[in-house]
**Q** 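The following block contains the structure, expressed as structure tokens.
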Amino acid sequence: MELNFANIEEEVKKLWAEKNIYRVENKSDKPKYYVLEMFPYPSGAGLHVGHPLGYIASDIFARYKRHKGFNVLHPMGYDAFGLPAEQYAIETGQHPAVTTEKNIARYREQLDKIGLSYDWSREFKTSDPKYYKWTQWIFIQIFNSWYNPETNRAENISTLISKFERNGSSQISNLKSQIFSAVDWKSFSEKEQADILMQFRLAYLADAEVNWCEGLGTVLANDEVVNGVSERGGHPVVKKKMRQWFLRITEYADRLLQGLETLDWSEPMKEMQRNWIGRSEGALIRFNLNPNQTSPQPSPSEREKYSGTANQKGWSQEFDGIEKANFYTTDSSTHKALKPIARELRKNDTAAEDLIWQVVRGNQLGTKIRRQHVIGKFIVDFVSIENKLIIEIDGEIHEQQKEEDAIRTAFLNSEGFKVVRFKNEEVKNNLENVILKIKTELQNNLTLNPSPSEKDLNTNSEHSAIEALTPSQKEKGQGMRFIEVFTTRPDTLFGCSFMVLAPEHDLISKITTAEQQAEIEKYVQYVKSRSDVERMAEKKITGCFTGAFALHPFTQKPLPIYVSEYVLNGYGTGAIMAVPSGDSRDYAFAKHFNLPIPNIFSDINIDEKCYEEKTAVLCNSDFLNGLDYKAATKKMLDALEEKNIGQRKINFRMRDAGFSRQRYWGEPFPIYYENGIAKTLPENELPLTLPHVASYSPGPEGQGPLANLKDWVEMKDLTLNPSPSERDLNTNLDHSTIEAQTPSPLEKGQGMRFRETNTMPGYAGSSWYFLRYMSPQEDHAFVNEEAMKYWGAVDFYNGGSEHAVGHLLYSRLWTKVLHDLGFINFDEPFKKMVNQGMIQGQSKFVLCATTLNCVTTFGEIYISNDVASQYNNLDELTKFVVNEVEEKYNGRFENKAALRMQFYPTRVPVEYVDGEKLDFVSLKLNEPIRFNSSGESIFITNSNNEFLCRTEVEKMSKSKYNVVNPDDMIAQYGADTFRMYEMFLGPIELSKPWDTKGIEGVSRFLRKFWNLFFTEDKLTLSDAEPTNEEIKILHQTIKKIDADIQKLAYNTCVSQFMICVNELQTLKCNKRSILEPLLVLLNPFAPFITEYLWKEIGNTNSVIDAPFPTHDEKYLIENSFTYPIAINGKTRVNMEFALDADVAVIEKSVLENDQVQKFMEGKPMKKFIFVKGRMVNVVV
RNA sequence: GCCCGGGUGGCGGAAUUGGUAGACGCAGCAGACUCAAAAUCUGCCGUUCGCAAGGAUGUGCUGGUUCGAUUCCAGUCCCGGGCACCA
């Protein structure tokens, strides 16, 4: 009988709805089980075949658990706030709520087709005020808490205030603010108190850097920034400090780390979280700044310290010549190498160089000027060694040159030279002026580098975010004349030869010498245009010398201080001690800038690369000489603490979580500012609903669009929630909600109240949604207490590994905070976590040619490299294109050969591609505009007039035209087939490309299965006793399915079902005792067909309530095994033996075998290896 | 760059604790049924040498451990994901 899945699905859906089969109660005699998958963000593209992968996998598990007798909670909802809806709104003016609603409807429609066992009565979306009311409420709780290090948990801020009132700051071990007494505390103004408390709150305000795009007047997500410019419009993007909300997740670093041990998550997942948290043990070390900036070079005696036995390339070599004569500014070998080049340059000097040379040569300016002089590895145009001045004449300036010049300048600066540059034109046109400038510089440089003023160093830095983020950073620049670094390798301190600051480091502006000022500014500006990822990924070494020096804490040797982007401000103290011999990045940096690389490792050669292992014994390290890593580390830590140079420190890589966005489509903060103090709205007024805006463009100073709503921002009418009810703010104010810092743009206006105009980030709503499913209608709390106690933590959580860190970490944080504050009774949200891999799309590319608008006179066909490498028959192709183009443009261009073509592969929608071939006709009919680029394009065919496509596997996405819609699959093959095929593709945690072709196999399987129940066109089951064979295959299948579902190996489950059905078909089995349990086994995978047949064979309940079959081992026992017999590991023969046969018997029998003897070639047996039930190996 | 994962036939993948590599399926080839097509069924199907029997070789690459390695170890290349404001 034909399987008509469409009718079956229809009928079964009706039955499910009638009986409300997936409705779950918050109480039951059965044990509970909570199965959850990450809820989707409803994008405009709808679901593609990748989405259901996880949903089906979880659904199978949920159904399995229900068969196993659990009360299963399996809900679904929508993560509905987010950037794409807002961007769409900016483009089209449609309200995000409208598009979101539309998208959700579409998602729901698609989800309903798949046969998922959701309790839809629990559905919600995070953008619903009924939901985000509680997101806001939880935020208030977080805002009103601090982390008490004594109790090791979050507490209400009131416990901190009472500590302050009683004892001032003295009892607080994690003090983040100034020291004060109880009397002081009481004397502080409200604002002063608020400022102090803000440094403890778990949700707090601080300055942080954002991607600022002046062109768009807005802050951009990292995602929206490509190569330093905005993705939309290509405007430059720079880092800018803005006042932001943060969650103090760093306080939970240790608990988040330790909590992992209790969780049943995959090891790689835990590993990723561990690495994110990034706990490392090491030391904070203070390096004093050199009070006398005029001694940039080490004295000979200092140099000697480096001249140990180890093969090294330190100062002693670099400065080899200094003692011989002061104009030896490089080592002898470099000089030898460069001398001929310098001579050559002197002979062929440019006109400009000659002009200058004639004026400055000899002693004309009162100091000896040398030309084409070698310094380090560079040849400089002119130099006065006495005055430490270099004069360079620039020719044509291009990008690369600029960069090289910067590097060159940095090096020369580090050697104590000042560099002045003149352009060719300048010299030619205004020589007098140039000479005057040179004279002035020579004069200035006679009085050596002035040190930065004391005053500068002593001024307190303003309160900055960074201080709040990492306590240790607070001290930097606060009048301390030292640089503090964090290192995990204090044992290598004697190998430190320079220091590097992050480009954002506060100290930079205070220590940079006058002559380096311009360079540093340029460099810092350059870094501002780069993202953190770019900064880390870049192999190119960049940096800039500050002109300042720090002193080695033990040797007092001056260490040059550089700025480089490879040091990140967010990690540690934003400054490092560079140990080039022991760290690859430091090593590369030192090589690049010609800095010394003192070797501190005995018997290790560091000429080619540094030594990062921890096994060598130290040398050239004063009191650490002869010690290994462990002993040296301990001794150094002790020494640091004893001498008060530094201390032991546990550092975390994790930073506090930025919690505000300059966006519209997110939860408004339940916060307003009064006299510069952040205060919370009264809880009973929540939710603060998102007001309508006329435009979704950003506020005047880059704030979110809400900032444009003047009436809403300035709470003139004292209404917290604008209409309908007018309420008096003063009577409703919650007294525990006090104090905070000001949002800078809103500081004016005493007594006025201003709303927070930022909104919460995407992860706000998703950090606690799993709790809401327990009691989605609850109106008096974020979760009903009884429901929370019944369901507890999620037992089985599934989602993409792309969320492995962010979402999972934030959810764990919120859970822990809610637990600490006594609202829930568990402190880990997800007991078991499974990652599904991605289903990737197969993008199809067809070769395309476009005429460039500017027709050049080159008379050539231009073929870009990537095309050339993809198509190997270019000659033929080129000819073809030339012909095509000539034909097409005949008469329009006088010179046909002057056409310039650009070839590139263009994406075409997968639905028009069958295998490799593009159906060009339907493409043209259905997508007439989409593929017109600015020029005219020609799709290129091969010689058979076919449009052949190249395939590339990438993320499935609308913009890549590679989306396969599950609806189409279901319409064509049915939901059960679709479900099983998705599972059959491979292990669920693996990413794999979608290929529709394979679905036929599963479709065939289900038809075969269906036909087992029918003879002719009638459903007939036999009640006869099953044969041993039939029983065996059933029990094998039960065993395999049960085990594999628990392992989530659904692909092998499908294989086993196929094996089973193939066998039963061969046996022509239609016995009830075999097929009925099989229906239950198959139900989690194919719920429609099994539900239908279950009813058809006479059951009145739903198949989902049938208990899962159990297998009986006795049907599976084998009594013999066919052993592969290997000689020297190579299988040669198979021999069957009873499983309980004696080894000696087997050995005898094997050795007597003809084949075995043949392969033993008469050699004596060395060893006989026998593994029962596995194999035999004869070693000769 | 750093962190995590992956690499096995034309394709998706299977292989228990280190024990017969390629289960199951797709595609392909041959055949049966049919007037024909579809559907269905049967057989073949890593590469290579060979008429065959049979042999050699084969799990990204290079080594190592082992009687035996897809599996363990070291190194290396390539691909995917994440890297803190996409979700």
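Naming convention: chains lettered A, B, ... in sequence-line order (proteins, then strands); numbering from 1 in each chain. Values in this document were obtained by computation on a predicted structure and should not be read as measured data.
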**Q** How close or far is atom P of B:G81 from atom CE of A:Met272, stated in whole angstroms?
**A** 13 Å
**Q** Any donor-acceptor pair under 3.5 Å joining the side chain of A:Gln662 to the base of B:C85?
**A** yes
**Q** B:A84 C1' sits how many Å from A:Lys239 NZ, rounded?
**A** 11 Å
**Q** Paired with B:U76 by Watson-Crick or G-U wobble geometry, both distances under 3.5 Å: which nucleotide is it?
**A** B:G60
**Q** How close or far is atom P of B:U20 from atom CG of A:Asn1134, stated in whole angstroms?
**A** 11 Å
**Q** Ring centroid separation for A:Phe1121 and A:Tyr1123, is it under 6.0 angstrom?
**A** yes
**Q** Any strand is fair game: report the nucleotide pairing with B:C83 by Watson-Crick or G-U wobble, both distances under 3.5 Å, or none.
**A** B:G1
**Q** Report the glycosidic orientation of B:G58: syn if within 90° of 0, anti in every other case.
**A** anti
**Q** Students often get this wrong, so: under 4.0 angstrom with heavy atoms, is A:Ser766 touching a base, only sugar-phosphate, or nothing?
**A** nothing
**Q** Okay, side chain of A:Arg661, backbone of A:Asn758: is any donor-acceptor separation there less than 3.5 Å?
**A** no
**Q** For nucleotides B:G50 and B:U40, find the distance between their C1' atoms and express it as a whole number of Å.
**A** 37 Å
**Q** Just N and O in the side chain of A:Asn1062: are any of them under 4.0 Å from OP1 or OP2 of B:G25?
**A** yes
**Q** If the C1' atom of B:G58 is compared with that of B:U20, how far apart are they to the nearest Å?
**A** 15 Å
**Q** Mind checking who B:G31 pairs with, Watson-Crick or G-U wobble, both distances under 3.5 Å?
**A** B:C41
**Q** Would you say A:Glu565's side chain and A:Val527's backbone share a donor-acceptor pair under 3.5 angstrom?
**A** no
**Q** Find the distance A:Arg1004:CZ to B:U42:P and express it as a whole number of Å.
**A** 12 Å
**Q** Does the pair A:Arg585/A:Asp583 count as a salt bridge with the N-to-O cut at 4.0 Å?
**A** yes
**Q** Find the distance A:Leu568:CG to B:C83:P and express it as a whole number of Å.
**A** 15 Å
**Q** With both distances under 3.5 Å as the test, what is the Watson-Crick or G-U wobble partner of B:G50?
**A** none
**Q** Looking at A:Arg1007, I'd like to know whether one of its side-chain N or O atoms comes within less than 4.0 Å of OP1 or OP2 on B:U40.
**A** yes
**Q** Are any of A:Arg655's side-chain N or O atoms less than 4.0 Å away from OP1 or OP2 of B:A84?
**A** no
**Q** Taking CZ from A:Arg663 and P from B:A87, how many angstroms apart are they, rounded to a whole number?
**A** 9 Å
**Q** Whole angstroms only, please: what is the CG-C1' distance between A:Asn222 and B:G81?
**A** 16 Å
**Q** Is there a donor and acceptor pair closer than 3.5 Å between the side chain of A:Gln273 and the base of B:C4?
**A** no
**Q** Atom CD1 of A:Ile1041 to atom P of B:C24: distance rounded to whole Å?
**A** 15 Å
**Q** Would you confirm whether the ring centroid of A:Tyr973 sits within less than 6.0 angstrom of the ring centroid of A:Phe978?
**A** no
